[in-house]
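Treat the numbers as computed from the prediction; the structure is a model and nothing was measured. As a basis for the values below, the full set of heavy atoms in this structure was taken, side chains included, without hydrogen atoms, waters or symmetry mates. Throughout, protein chains are lettered first and strands after them, A, B, ... in sequence-line order, and every chain is numbered starting at 1.
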Amino acid sequence: MRIGVFVCHCGSNIAATVDCPAVAEQAKNLQDVVFTTDTMYTCSEPGQNEIIEAIKEHNLDGVVVASCSPRMHEATFRRALERAGLNRYMLEMANIREHVSWIGKDKERNTVKAFELVSIAAAKLRNNNPLFANKFDVTKRVLVIGGGVAGIQAALDCADAGYQVVMVEREQSIGGKMAKIDKTFPTVDCSSCILGPKMVDVAQHENITLYAMSEVEKIEGYVGNFDVQVRKKATYVNWDDCTGCGACMEKCPSKKNLDAFNEGISKCTAINIPFPQAIPKKAAINPEGCMMLKKGKCGVCAKVCPTKCIDFEQKDEILTEKVGAVIAATGYDMFDHSVYKQYGAGQYPDVITSLQYERLMNASGPTGGHIKRPSDGKEPKKVVFVQCVGSRDPAVGRPYCSGFCCMYTAKQAILTKDHIPDSDSYVFYMDIRSPGKGYDEFTRRAQEQYGVQYLRGRVSMIYPKGDHYVVRGADTLAGTQVEVEADLVVLAVGAESAKNAPALAEKMRISYDSYGFFMEAHPKLKPVETNTAGVYLAGSCVGPRDIPTSVGQGSAAAAKVMTLFSKDKLESDPQVSSVNASRCVGCLKCAKTCPFGAIKEVTDRGGNVKAEVIETVCQGCGICTVTCPQGAIQLQHFTDNQILAEVNALCQAQLDF
Amino acid sequence: MQALAELKDQIRKALPELDVVIGWQQGYDALHTRPLFIRSEEDIDKLVVNEFCVVNPSSYLREMRGGKKVGLVLKGCDSRSVIQLIQEELLNKDDLTIFGFGCNGVLNHAKLQARFGDIGYIESAESDGNTVNLVVAGNKETAPFAELCAEKCLTCSYPNTLQCSHFAGEESDKKAEAAQDKALEEFEQLSMEERFAFWQDQMRRCIRCYACRNACPMCVCKDHCLANSRQPKWLSEDVDVQNNFMFQMIHVMHLTGRCVECGECERACPMDIPIMLLRRKMAGIVRDVFAYNAGTNAEDTSPLMRFEVEEPTIEERH
Amino acid sequence: MSGSTGLLTEGQDLRIVGFLCNWCSYGGADTAGVARFEQPTDLRVIRVPCSGRIDPLFIARALLSGADGVLVSGCHPRDCHYAEGNFYARRRLEMLKQFLSVTGIDPERFHYTWVSASEGQRWQDVVTSFTERIRKLGPAPKMSGGTGYDEECLKEIAAAVSLGEQCPCHKEKA
């Protein structure tokens with residue numbers, strides 16, 4: 001074999017703490033190494049060309065690149081090898097940046113370590129084989145999980161591009177958080193006026209199948225060929241016939257149910273349509289409030305329903321859908337502020353969340369858009385906004401900034417003045433974070449044009465005094481303690497990951513962080529991809545996002561899906577397991593431990609049972625390779641011999657291969 | 001012997017349906033037995049069942065896959081290896097007829113040799129389960145059986161053949177003398193350095209003849225053992241401490257959750273290397289962590305072939 | 001979080017082999033690098049797709065070949081990229097961990113744990129504390145090298161062979 005070794009300086013990122021020329025020089029002594037060099041930026045165009053030139057000039061059949069993490073640039077260098085006519089799997093990388101230069105300052109030790117990593121890579125490379133991809137069909141349908149604005153955008157883009165979309169929404173209507181909001185910052189245009197038409201488009205688009213009141217039960221398969229099970233929850237209303245006329249709601253005697261859409265500030269009937277613009281506009285029965293379902297007595301809705309679509313016997317249904325890609329757009333939930341004892345632990349009726357306040361201001365809300373105190377229905381004259389409730393507070397396990405609260409607080413303060421011109425608004429803030437187009441101007445307008453009083457400091461306590469509240473906090477700019485009287489206190493609660501997000505992540509086989517937000521494949525360069533091929537992310541399921549970003553990500557995820565679907569055949573990763581039939585004794589232990597059902601039993605011509613790998617199903621984990629006592633099934637590119645070569649190179653055991 | 005007569009009777013009745021019945025016959029002297037392959041009626045009378053029936057007849061099974069109807073005369077420990085192989089679907093239960101009996105333990109020849117020296121040809125040997133009487137060159141020698149008994153029998157919890165189709169004689173009520181493995185316990189009194197030095201010495205003596213592997217009823221890889229393969233190549237041909245020890249590691253790891261502690265490997269070792277220490281240690285760990293005894297239930301699944309999402313018996317490693 | 005890593009500066013690096021799954025722990029080690037979390041230099045990492053790919057025998061091979069320590073890390077249980085790999089790995093690795101002591105190889109020289117791609121800080125802690133532990137144990141006792149047998153052993157073999165026809169097995173009664 002003829003191996004070339006390329007040691008990257010990465011500017012000073014590596015060269016500052018690793019003697020790159022020395023590593024390259026030393027590498028000349030490694031077995032089969034015929035060419036070595038050190039370059040400033042191996043990943044740059046001249047750097048890649050140098051590799052290509054060297055492959056041709058020195059007739060190399062394998063390349064070691066010692067540079068950054070293979071998670072960063074393995075694909076880059078593989079392409080370079082292909083351009084030079086080599087098989088892409090004849091590349092090995094030594095990670096001398098993340099694993100060496102960036103974590104140690106001792107240049108001498110780093111240099112030794114870097115060289116040893118190169119020798120491991122070269123030892124493995126000597127056992128590499130060219131691998132070739134197989135092609136397989138792709139189902140050009142996409143599953144969109146979540147019908148908030150990000151999911152809606154993704155679904156519409158895919159549907160407009162001509163692909164079938166299956167949208168699964170947990171709630172009774174799509175629209176997500178945006179449907180609850182009164183107006184949007186910084187334009188102060190009506191939220192439902194801009195979202196509503198998109199929701200209608202989803203309902204009417206011939207390429208979109210919408211399952212509301214449904215959840216993803218199970219996802220199996222692989223990119224291009226996922227089998228999805230959707231649980232359609234019982235609504236006790238036959239939606240094929242329901243016209244959304246609302247007759248049932250008028251007559252339902254159970255009127256004291258918590259109205260989830262209105263964030264619990266009002267009551268609703270047991271059979272309900274959450275809001276007038278709901279998509280789909282269908283009634284559903286809340287089994288916890290329904291007298292018929294609880295006690296078997298009532299059935300008024302069934303009597304008044306003009307289409308006779310009430311069905312008290314309805315059960316959950318499991319539907320199966322075949323898709324080729326998945327977009328998760330499951331959004332976020334609001335932080336539960338009851339952990340803040342000093343703010344009344346959720347017990348003060350007039351200390352409400354920002355989203356509840358949106359419902360109070362919204363013309364389609366329970367008060368018809370008139371701001372009224374939940375306790376006595378009076379119009380508040382002094383409104384205090386408290387920012388960073390459940391954001392930037394490690395004490396409650398939420399050290400991150402939710403990003404959009406500064407902006408919606410400014411908007412709510414402005415709208416308060418619009419609704420009640422003789423009112424005064426105060427905002428307690430830590431910092432004003434407004435890095436968006438027109439955002440900072442907007443917060444200034446709140447202060448300068450609308451006279452909103454901004455006080456820089458955390459609120460230490462809220463306590464009731466007579467029929468109003470006192471908000472005590474620090475004014476760190478004035479260096480004093482302040483107390484502000486308030487008729488109504490609005491807590492700008494932060495965003496947290498959606499309920500059951502980790503469970504869904506596990507179904508999709510993607511990672512999530514310690515807060516339950518999904519992990520993107522790369523925080524900067526692959527913000528809507530995941531580490532599972534064919535699964536994409538959009539919106540706040542990755543972390544708090546405002547509307548324009550969510551919409552942008554919805555489109556971005558859709559674009560990724562369209563790229564995937566632009567090919568009629570997908571190439572399977574050849575880094576899959578492969579059975580050496582002559583060594584296989586047919587015990588099928590491999591098949592029993594395979595998490596993907598990728599190994600099947602076959603009978604050879606001699607009538608002997610053997611294992612065989614279904615290449616498109618195999619994900620390349622290698623559990624089978626460890627299970628097989630004969631080593632008959634080997635994960636390609638990570639074979640026993642390749643890993644043993646690395647171990648031996650490292651432990652300097654002399655084993656002749 | 002009641003059991004032997006019954007066994008012969010049972011085999012005689014079953015033989016027309018079977019291709020072969022594997023048991024024991026007397027070997028070159030009274031103290032040794034060798035395998036007996038019963039194919040016809042006249043072979044049946046050669047069958048012996050006594051404290052000298054040391055080998056595990058199921059070791060011969062792996063060469064017999066493919067539809068042959070086989071009868072097996074098995075001790076309790078032997079039956080475990082068969083059950084384990086059935087569990088792994090490497091043997092077809094329907095092809096096997098197991099003849100069982102109650103075992104009182106078997107003789108350890110090494111112990112005998114240690115006690116009497118190399119006494120050569122044994123004219124007669126008898127054991128009533130408590131005492132062994134030998135006649136060597138006309139001289140009578142006597143020893144309590146317990147002192148000559150194989151190590152594995154001292155900790156044996158399965159003296160009666162498991163899951164057999166026929167059972168002859170009375171069940172053995174022999175109880176394991178101690179749940180604890182004395183030899184292993186003693187060994188573990190040694191310091192880490194002493195243990196390391198011990199195995200260095202032992203492994204230096206190993207001649208890598210693979211007798212341990214060939215005698216093992218659970219080594220089902222046949223000609224495809226990792227030890228002899230180039231793809232993958234785990235071992236070099238060098239017979240050195242490192243490679244010898246590595247082979248033992250391979251054997252132990254491949255037996256994790258499968259080893260039935262029959263002791264055939266150690267018995268087969270021509271260098272008398274106490275490799276059962278390693279096997280018994282691993283079997284003990286499997287018992288401790290997974291409450292699993294290999295080869296006792298054909299319907300079960302070996303612990304390394306399954307998992308629990310929460311593993312209450314595995315300490316979380318931070 | 002402490003900034004001090006207790007970096008070791010004296011003497012040669014020890015030989016510590018790391019087996020890391022690509023998706024979580026290798027990513028975690030990268031994250032630690034990106035964040036410049038300083039670590040001792042003794043560890044050399046071998047990347048594998050999943051902890052389920054790590055054969056306990058690789059670890060045995062490393063320890064028998066002169067490694068002073070072996071560190072294995074995968075995705076946290078429930079968080080495996082391949083759904084189940086680390087569940088199998090946990091059982092396999094635990095068996096090896098408990099077994100090592102009987103061989104005279106200090107089980108402290110082998111550690112397995114779980115580090116996610118976001119846990120750069122945790123990776124730094126894992127590497128630092130494991131390296132410190134191995135430093136305390138010092139270099140692993142070396143296998144006595146060379147092939148062949150000592151004199152006593154050769155005599156033993158010769159004796160067995162020289163018996164030839166005298167060996168009892170040839171004396172079976174006709």
Side-chain angles (χ1 to χ4, degrees), chain A residues 68-72 93 95 97-106 108-110 112-113 116-117 119-120 124 502 505-506 509-514 519 531-532 575 593-596 619-627 631 635 637-638 640 643-644 646-655, chain C residues 7 9 12-13 15 17-19 21-24 26-27 29-50 52-59 61-67 75 78-85 87-89 92 116-119 124 127:
Chain A
C68 51
S69 171
R71 285 164 57 96
M72 180 86 183
M93 289 184 73
N95 184 350
R97 192 177 76 176
E98 283 84 346
H99 290 191
V100 181
S101 72
W102 276 352
I103 58 165
K105 287 181 185 139
D106 184 330
E108 205 173 316
R109 283 179 177 228
N110 279 356
V112 172
K113 183 175 176 183
E116 290 194 7
L117 292 181
S119 59
I120 296 173
K124 184 184 173 208
E506 282 161 25
R509 294 196 300 273
I510 62 172
S511 320
Y512 51 93
D513 66 18
S514 52
M519 293 273 285
N531 280 330
T532 302
Q575 292 183 58
T593 52
C594 176
F596 309 103
Q619 302 283 305
C621 61
I623 295 172
C624 55
T625 309
V626 183
T627 308
L635 176 60
H637 210 58
F638 291 96
D640 282 350
I643 297 172
L644 283 169
E646 292 179 274
V647 171
N648 291 335
L650 194 46
C651 299
Q652 289 163 352
Q654 292 307 315
L655 255 188
Chain C
L7 273 181
T9 48
Q12 283 277 308
D13 275 4
R15 197 148 297 282
V17 184
F19 291 97
C21 83
N22 177 52
W23 303 100
C24 292
Y26 198 93
D30 282 358
T31 304
V34 171
R36 312 295 199 275
F37 290 146
E38 215 173 327
Q39 297 155 42
T41 51
D42 310 50
L43 178 75
R44 313 280 185 265
V45 170
I46 293 174
R47 182 169 73 130
V48 291
C50 176
R53 175 66 190 95
I54 300 167
D55 197 322
L57 291 169
F58 290 138
I59 296 151
R61 177 86 240 180
L63 290 169
L64 291 179
S65 306
C75 306
R78 292 171 187 276
D79 207 12
C80 176
H81 181 74
Y82 303 101
E84 296 175 354
F87 291 137
Y88 286 107
R92 294 164 177 168
S116 82
S118 61
E119 293 175 320
Q124 180 192 33
V127 174

Is chain A contacted by the side chain of [X], its backbone, both, or neither, given a heavy-atom distance below 4.5 Å?
X        : result
Ala67(C) : both
Arg15(C) : side chain
Arg92(C) : side chain
Leu64(C) : neither
Tyr26(C) : both

At a 4.5 Å cut-off on heavy atoms, which part of [X] comes close to chain C: side chain, backbone, both, or neither?
X         : value
Glu506(A) : side chain
Thr627(A) : both
Ser514(A) : neither

Donor-acceptor contact below 3.5 Å, side chain Lys113(A) vs main chain His99(A):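 Here the side-chain-to-backbone pair exists.
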
Polar side-chain atom of Gln124(C) near backbone of Glu38(C) as donor-acceptor pair, under 3.5 Å: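 Such a contact is found between Gln124(C) side chain and Glu38(C) backbone.
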
Looking at [options], which makes the most heavy-atom pairs under 4.5 Å with chain C?
options                         : result
Glu116(A), Met72(A), Arg97(A)   : Glu116(A)
Thr593(A), Thr532(A), Asp513(A) : Thr593(A)
Lys124(A), Glu98(A), Arg71(A)   : Arg71(A)

Over all atoms of both residues, closest heavy-atom pair of [X] and [Y]:
X         : Y         : answer
Cys50(C)  : Gly85(C)  : SG-CA, 3.6 Å
Gly620(A) : Leu635(A) : O-CD2, 3.5 Å
Ala117(C) : Thr31(C)  : O-OG1, 2.5 Å

Note, Ile103(A) side chain near Phe37(C) side chain (heavy atom, < 4.5 Å):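 Sidechains of Phe37(C) and Ile103(A): no contact.
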
SB check Asp55(C) Arg61(C) (cutoff 4.0 Å):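 Arg61(C) and Asp55(C): not salt-bridged.
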
Chain A interface, residue from Ser118(C), Cys21(C), Gly27(C) that has the most non-hydrogen pairs under 4.5 Å: Gly27(C)

Test: Arg53(C) cationic atom under 6.0 Å from Phe638(A) six-membered ring centre, within 45° of axis: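 No, cation not above the ring by the 6.0 Å, 45° rule.
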
